[in-house]
2 protein chains.
Amino acid sequence: MEEKNKRQPPSNEEFMPHLAYDSVIFGFNGKQLKILVLEYHNTDFFALPGGFVKRDESVDDAVKRGLRERTGLENIYLEQFHTFGDVSRPAPDVMRTILMNNGYEVKHDYWMFDRFVSIAYYALINYEEVSPLPDELSDSINWYSLDELPSLMMDHQQIVDKALETLRENLDKKLVGMNLLPQKFTMKNLQKVYEAVLGEKLRRTSFQRKMLSKDILVRHEKLFNGGAHKAPYLYSFKSKIVKEPEKV
Amino acid sequence: MEEKNKRQPPSNEEFMPHLAYDSVIFGFNGKQLKILVLEYHNTDFFALPGGFVKRDESVDDAVKRGLRERTGLENIYLEQFHTFGDVSRPAPDVMRTILMNNGYEVKHDYWMFDRFVSIAYYALINYEEVSPLPDELSDSINWYSLDELPSLMMDHQQIVDKALETLRENLDKKLVGMNLLPQKFTMKNLQKVYEAVLGEKLRRTSFQRKMLSKDILVRHEKLFNGGAHKAPYLYSFKSKIVKEPEKV
DNA sequence: TAGTTATTGTCTCAATTTGTTACAATAATA
DNA sequence: TATTATTGTAACAAATTGAGACAATAACTA
């Protein structure tokens, strides 16, 4: 490639050393659960959107900042699920390749080559409302189905696995559907979310009865979607009573 | 007090800056759930057992090391449950008091006065097998019932609350009883553990039926404990099939 | 306009799980 | 041998969940 201007990378005066976050951003396209994966410039490295924590910023806020920059969304449902602290995590060679291929001039002992502990969060966003933006270091940021993920760098596949595991455990108690669907949705839409998260088919009648008995849904007008059949009702979540743990 | 020799505190070359752990160590005395709380020398500061992570050590291993030093136990059930990363966490004045009252000579910019993110774990240990040892900085380390905790420093009460919340959620799926009881126990012992964790009374017959139907217990000989009544069976967990997530 | 089709909402009954009560078995003691 | 407290399990009721049936109904077709 041609010579680029050598740029100065971020100084570690702004950020906490050894501390990073990674985010598993879930979206739902109506059929499948997907996550956002980015690809670094001029490398074959696929990674989760992550970043560093500023010295005067809480970890939660750092993650929110990263999500805002990449999705444009302000109010994102966020859940911290695990912190990855193995000594085998650091991959200075990977980091060096990424920075060098982005035209940065980095010293041998640059802070990003140190060991990092990563605090991992998952986010739930409305797939339709967002057009993800690649950051400065990335070529692209795209939705991938969980069963068609590219090979992810470092321990990011492990992070995805743990995120999905936690999402499944939280499915009933955290009203996951609310954050993956548009405000109004049919019972079938909601069932598809459950099926995508759990990875299994559910029985229609039992699911409907269970959801209606929970007293969390409000029924609205019918949706005439052009199908040659009875029109389904639209529902929304009886929100605002709900616990919203990690909103901006 | 009399003058002490000024000692040199640990250097930050050994440890990762800004990174700490705290542990909520649960034990069960047959009636109540208790946790270990330590008191620093010459202060009124009560705190959870915590520590720092060495540069060549995983976070898990750092926690295990701290537990080994304080309890003498090697194989401790450990579960990471949350990372606390608020900017309001750091309390340099508290840290300074602790170190100064321990006779350490510390500079104004000593690393322990920086901001710390704390990775929190809970541990389950067999109350009877352990005689906790205070560490170098502490006067004492003692068992406290959850409803009789002293006022804890910094955000440690919040950490305890979250630990208990997570323990409750994990009660059924992680075989908590196994790690809080001696190897052999009666059904009543097990029920007491459940009641202590959940903070509510359970119905004897339903509990017994539920536990026996799970296929996780092995029945042994009867326990003749001198009571003027039918002797209960002893049980142990059908272990080794069980997922053991965080053993040393 | 009446019949066709696919889907929806709800009902019913069966199967399973859980709540509750009852009761016989049994160690130690009087 | 009777008494007492507790244990293990059975029995029945209540609640929840599984599975199938069926009427209602949009849009389309004849």
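It should be emphasised that the depicted structure is a prediction, and the values quoted were computed from it without experimental measurement. To find a chain, count down the sequence lines: A is the first, B the second, and so on, and within it residues start at 1.
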Calculate the interatomic distance between [X] atom [atom1] and [N] atom [atom2]; express it in whole Å.
X        : N      : atom1 : atom2 : value
A/Leu223 : D/dT25 : CG    : C1'   : 14 Å
B/Leu234 : D/dT7  : CG    : C1'   : 13 Å
B/Gln208 : C/dT18 : CD    : P     : 15 Å
A/Phe207 : C/dT8  : CZ    : P     : 13 Å
B/Phe185 : D/dT7  : CZ    : P     : 15 Å
B/Gln191 : D/dT6  : CD    : C1'   : 12 Å
B/Tyr233 : D/dT6  : OH    : P     : 19 Å
A/Lys188 : C/dG9  : NZ    : C1'   : 13 Å

Counting heavy atoms from C-beta on, name the nucleotide in [options] closest to the side chain of [X].
X        : options               : answer
A/Met187 : D/dT9, C/dA27, C/dG9  : C/dG9
B/Phe224 : D/dT9, D/dA26, C/dA27 : C/dA27
B/His229 : C/dG9, D/dA5, C/dT5   : D/dA5
A/Lys230 : D/dG8, D/dT6, D/dA24  : D/dA24

Using a 6.0 Å distance limit plus a 45 degree cone around the ring axis, check whether B/Arg219 lies over the aromatic ring of B/Tyr235.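 That pair does not qualify as a cation-pi contact.
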The reported gap from CG in B/Leu133 to CZ in B/Arg68 (rounded to nearest 0.5 angstrom) is 13.5 Å
Verify whether one side chain among B/Asp60 and B/Tyr21 offers a donor that lies under 3.5 Å from an acceptor in the other.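 No, because no side-chain N or O of B/Asp60 sits under 3.5 Å from a partner of the opposite role on B/Tyr21.
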When you measure from the side chain of A/Ser206 to the backbone of A/Arg203, do you find a donor-acceptor pair of N or O atoms at a distance under 3.5 Å?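 Checked: no pair found.
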Kindly say whether the aromatic ring centers of A/Tyr127 and A/Phe26 come within a distance under 6.0 Å.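 No, too far apart.
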B/Phe81 and B/Tyr121 aromatic centres sub-6.0 Å: no
I'd like to know whether B/His220 forms a side chain to side chain donor-acceptor pair (under 3.5 Å) with B/Ser236, so could you lay out the CA-CA distance, the side-chain angles of the two residues, the decisive distance to 0.1 Å, and finally the verdict. CA-CA 8 Å; B/His220 300 281; B/Ser236 67; 2.6 Å; yes
Phosphate OP1/OP2 of C/dT18: any B/Lys210 side-chain N/O under 4.0 Å: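 No, no such contact exists.
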With a 4.0 Å cutoff (strictly under), does any side-chain N or O of B/Lys222 reach OP1 or OP2 of C/dA27?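 Yes, because at least one side-chain N or O of B/Lys222 sits under 4.0 Å from OP1 or OP2 of C/dA27.
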Mapping B/Arg219 and A/Ala231 onto DNA chain D by nearest heavy atom, which one lands closer to the 5' end?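 Its nearest nucleotide being more 5', the pick is B/Arg219.
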Where along residues 194-206 of chain B does a heavy atom come under 4.0 Å from DNA chain D, residue by residue in number order? B/Arg204, B/Thr205
N/O donor-acceptor pair, side chain A/Arg209 with base C/dG9, under 3.5 angstrom: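 Side chain to base: no pair present.
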